[in-house]
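So the structure is just underneath, and the comments pick up after that.
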Amino acid sequence: MGGPLPEGDEVPTSGALPEGTVAHSDVDFGVYLHVPFCRVRCGYCDFNTYTATELRGARQDTYADTLLQEVELSRHVLSDIGPLRQAQTVFFGGGTPTLLPAGDLARMLGGVRDAFGLATDAEVTVEANPDTVTPAVMAELAAAGVNRVSIGMQSSVPHVLAALDRTHNPENVATAVAAAREAGLDVSVDLIYGAPGESLDDWAASVRTAIDLEPDHISAYALIIEDGTKLARQIRSGVVPAPDDDLQADMYELVDDQLAAAGFDWYEVSNFSRGENHRSRHNLAYWRGADWWGYGPGAHSHLDGTRWWNVKHPAAYAQRLAASHSPAYARETVDGSAAILERVLLQSRIREGLAIDQIPASRRSAVAGLIADELVEPAAALRGRIVLTRRGRLLADAVVRALTED
């Protein structure tokens with residue numbers, strides 16, 4: 001369930017955006033659909049998710065209808081600030097979206113299509129647990145307009161999956177990929193490295209297995225210990241060791257080498273694809289600062305510099321919408337130094353990099369030192385952009401500090 005929501009400015013019950021908010025026609029609009037249900041809670045997970053015993057009156061079987069109420073509310077809110085934009089990307093995340101019937105996901109997507117329209121080349125992604133994927137589910141999702149599936153593999157090594165509290169059968173990853181391919185979907189697989197007890201050889205085995213699946217896209221995330229999670233408590237009590245930074249760096253270099261050799265290009269610090277056509281356009285929209293509406297409990301949204309976030313629990317979310325009220329908990333305007341920091345933090349992580357003229361003038365002199373420290377590519381800097389070297393990707397936070405802190 002994660003920690004408490006941040007405080008912010010009050011949101012009117014209508015959900016109306018601040019006066020002066022503009023829907024810029026040249027800025028992409030994306031949609032995030034949060035499905036907050038999981039069979040079990042993974043020990044490392046800090047996402048806003050709920051198992052059956054935590055729902056306290058909320059219902060999975062009516063969730064799609066509830067979320068569609070927020071879609072309708074958003075259509076009215078966005079109509080008030082200008083012409084509606086078609087959704088360029090739609091992303092079903094969670095939780096485990098495929099715990100819901102495929103028909104429910106199809107209805108949710110249909111509601112977005114009816115409200116805003118989908119671009120003819122819209123990217124529509126569904127996250128999936130391998131154990132919930134069948135040929136029938138994939139075929140139904142493809143027929144509804146889904147064209148991409150992101151499969152939570154995490155590892156191919158049983159003791160690593162156990163350390164992460166992942167309950168899926170690792171053999172089902174290949175079955176899930178095959179089902180998605182049969183339905184004509186693009187396939188991404190997600191990996192996590194640095195779990196307690198995971199060796200470099202364990203990680204190498206998982207990377208080889210992922211490559212052998214021949215996906216279009218692979219995400220490789222370092223395990224982060226989030227406060228309030230089971231894993232954080234285990235580490236604090238000494239039951240399991242904390243992640244080793246040096247080992248995680250070795251693991252990153254290994255996956256970077258292996259994926260490059262297999263024909264994958266990095267386009268964001270933790271994301272690799274077989275060419276530009278297979279990059280996650282939805283996630284790129286986040287990193288580039290585009291607009292999106294996040295639907296569902298705890299979902300975050302962003303439009304024209306205003307960010308807002310929904311109440312967390314599915315029951316509270318449903319209650320607000322049943323009363324025809326916005327489910328938004330609070331909001332904030334991102335401007336000034338906060339906007340600069342966010343832009344540098346996000347855009348410096350992607351392959352296309354960050355324009356040097358977007359860095360505060362007082363910090364542009366730091367670029368020469370970053371080049372000397374082999375954190376930034378010299379040729380790109382000469383063209384006016386900050387692009388991280390592999391060493392820079394490993395030390396991305398230090399690069400951001402150098403470019404933003406006086």
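Remember, predicted model here, so these are calculated numbers, not experimental data.
The backbone N or O of G275 lies less than 3.5 Å from a partner atom in the side chain of S273, making a donor-acceptor pair. S280 places a side-chain N or O within donor-acceptor distance of the main-chain N or O of N283, the cut-off being under 3.5 Å. Between the side chain of E123 and the main chain of R281, a donor-acceptor pair closer than 3.5 Å is present. Remark: side-chain polar atoms of S301 are paired, donor with acceptor, to backbone N or O of G294 under 3.5 angstrom. Listed for the N310 side chain is no donor-acceptor partner under 3.5 Å among the backbone atoms of P297.
Sorted by first and then second residue, the salt bridge (Lys or Arg N to Asp or Glu O under 4.0 Å) pairs with a member in residues 240-256 read D256-R390, D256-R393; sequence neighbours excluded. Pairs of residues two or more places apart, or lying in two chains, that qualify as salt bridge (Lys or Arg N to Asp or Glu O under 4.0 Å) and include a residue from residues 82-92 are R85-D291. For residues 230-252, the set of pairs meeting the ring pair (Phe, Tyr, Trp, His ring centres under 6.0 Å) definition, not counting sequence neighbours, is empty. Applying the ring pair (Phe, Tyr, Trp, His ring centres under 6.0 Å) test to residues at least two apart or on different chains, none of the pairs has a partner in residues 384-406. Annotation: ring pair (Phe, Tyr, Trp, His ring centres under 6.0 Å) contacts involving residues 214-238, sequence neighbours excluded, comprise H217-Y267. Among residue pairs with one or both ends in residues 316-340, those qualifying as salt bridge (Lys or Arg N to Asp or Glu O under 4.0 Å) are R307-E332; sequence neighbours excluded.
Here the CZ atom belonging to R401 is positioned 9.0 Å from the CG atom belonging to L395, to the nearest 0.5 angstrom. Here D186 contributes atom CG and N277 contributes atom CG; the two are 9.0 Å apart, rounded to the nearest 0.5 Å. To the nearest 0.5 Å, atom CD of residue E268 and atom OG of residue S348 are 9.5 Å apart. Rounding to the nearest 0.5 angstrom, the gap separating the OG atom in S270 from the CZ atom in R349 is 5.0 Å. Distance OG/S324 to CG/L73: 8.5 Å, rounded to 0.5 Å. To the nearest 0.5 Å, atom CG of residue L33 and atom CD of residue E127 are 11.5 Å apart.
The two atoms that bring Q86 and L118 nearest to each other are NE2-O, 3.6 Å, heavy atoms only. Closest approach of H168 and N129 over heavy atoms only: CB-OD1, 3.6 Å. Of all the heavy atoms in G296 and E70, the pair that sits closest is N-OE1, 3.0 Å. Considering all non-hydrogen atoms of both residues, R107 and A64 come closest at NH2-CB, 3.6 Å. The two residues S206 and V157 make their nearest non-hydrogen contact at OG-CG2, 3.8 Å. Closest heavy-atom contact between S156 and T209: OG-OG1, 3.4 Å.
Listed by chain and number, the residues in a ring pair (Phe, Tyr, Trp, His ring centres under 6.0 Å) with F272 amount to none (sequence neighbours excluded). Listed by chain and residue number, E72 satisfy the salt bridge (Lys or Arg N to Asp or Glu O under 4.0 Å) test with R75 (two or more places apart in sequence, or in another chain). Partners of H282 by ring pair (Phe, Tyr, Trp, His ring centres under 6.0 Å), not counting sequence neighbours, listed by chain and number: F91, Y286. Evaluation of the ring pair (Phe, Tyr, Trp, His ring centres under 6.0 Å) rule for W293 yields Y295, W308 as partners, not counting sequence neighbours. Take H302 and apply the ring pair (Phe, Tyr, Trp, His ring centres under 6.0 Å) test, not counting sequence neighbours, and it matches W292.
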Enumerate donor-acceptor pairs with a distance under 3.5 Å from any side-chain N or O in residues 380-389 to protein atoms, sequence neighbours excluded.
from: R385; atom 1: NE; to: E352; atom 2: O; distance (Å): 2.7
from: R385; atom 1: NH2; to: G353; atom 2: O; distance (Å): 3.0
from: T389; atom 1: OG1; to: E374; atom 2: O; distance (Å): 2.6
from: T389; atom 1: OG1; to: L375; atom 2: O; distance (Å): 3.4
from: T389; atom 1: OG1; to: R391; atom 2: N; distance (Å): 3.4
from: T389; atom 1: OG1; to: G392; atom 2: N; distance (Å): 3.0

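For the pair P18/T21, a side-chain contact is recorded, criterion being any heavy-atom separation below 4.5 Å from C-beta on. Annotation: side chain of Q154 is in contact with side chain of D190 (closest heavy-atom distance under 4.5 Å). Residues D202 and S155 are not in side-chain contact: their nearest non-hydrogen atoms beyond the backbone lie 4.5 Å or more apart. With contacts defined as side-chain heavy-atom distances shorter than 4.5 Å, the pair Q60/L55 qualifies. Side-chain contact between K312 and Y317: absent, with no pair of heavy atoms (C-beta onward) separated by less than 4.5 Å. L254 places a side-chain heavy atom less than 4.5 Å from the side chain of L200. In this structure, the side chains of V126 and S150 stay at 4.5 Å or more apart for every pair of heavy atoms. Residues L403 and V400 fail the side-chain proximity criterion, which asks for heavy atoms closer than 4.5 Å.
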Just do the side-chain hydrogen bond (donor to acceptor under 3.5 Å, both in side chains) check on N271 and S219 with the steps written out, would you?
CA-CA 5 Å; N271 287 273; S219 299; 2.6 Å; yes

Test T62 against R59 for side-chain contact (heavy atoms from CB on, under 4.5 Å), laying out the working first.
CA-CA 6 Å; T62 59; R59 293 169 51 183; 3.6 Å; yes

Walk me through it: do F29 and Q88 pass the test side-chain contact (heavy atoms from CB on, under 4.5 Å)?
CA-CA 6 Å; F29 175 66; Q88 300 292 323; 5.7 Å; no

Can you list the steps and then say if Y63 with D104 is a side-chain contact (heavy atoms from CB on, under 4.5 Å)?
CA-CA 8 Å; Y63 181 74; D104 282 5; over 6 Å; no

Let's go through L223 and L164 carefully: what are the C-alpha distance in whole Å and the side-chain angles of both, what is the deciding distance for side-chain contact (heavy atoms from CB on, under 4.5 Å) to 0.1 Å, and is it a yes or a no?
CA-CA 10 Å; L223 178 66; L164 294 170; 4.2 Å; yes

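Between H313 and Y50, the distance separating the two ring centers is shorter than 6.0 angstrom. For an aromatic pair to be called close, the ring centres must be under 6.0 Å apart, and Y32 with F92 fails this.
A tilted orientation is assigned to the rings of W203 and Y193, their planes being inclined by 30° to 60°.
A salt bridge is absent between R279 and D216; no separation between the charged side-chain nitrogens and carboxylate oxygens falls under 4.0 Å.
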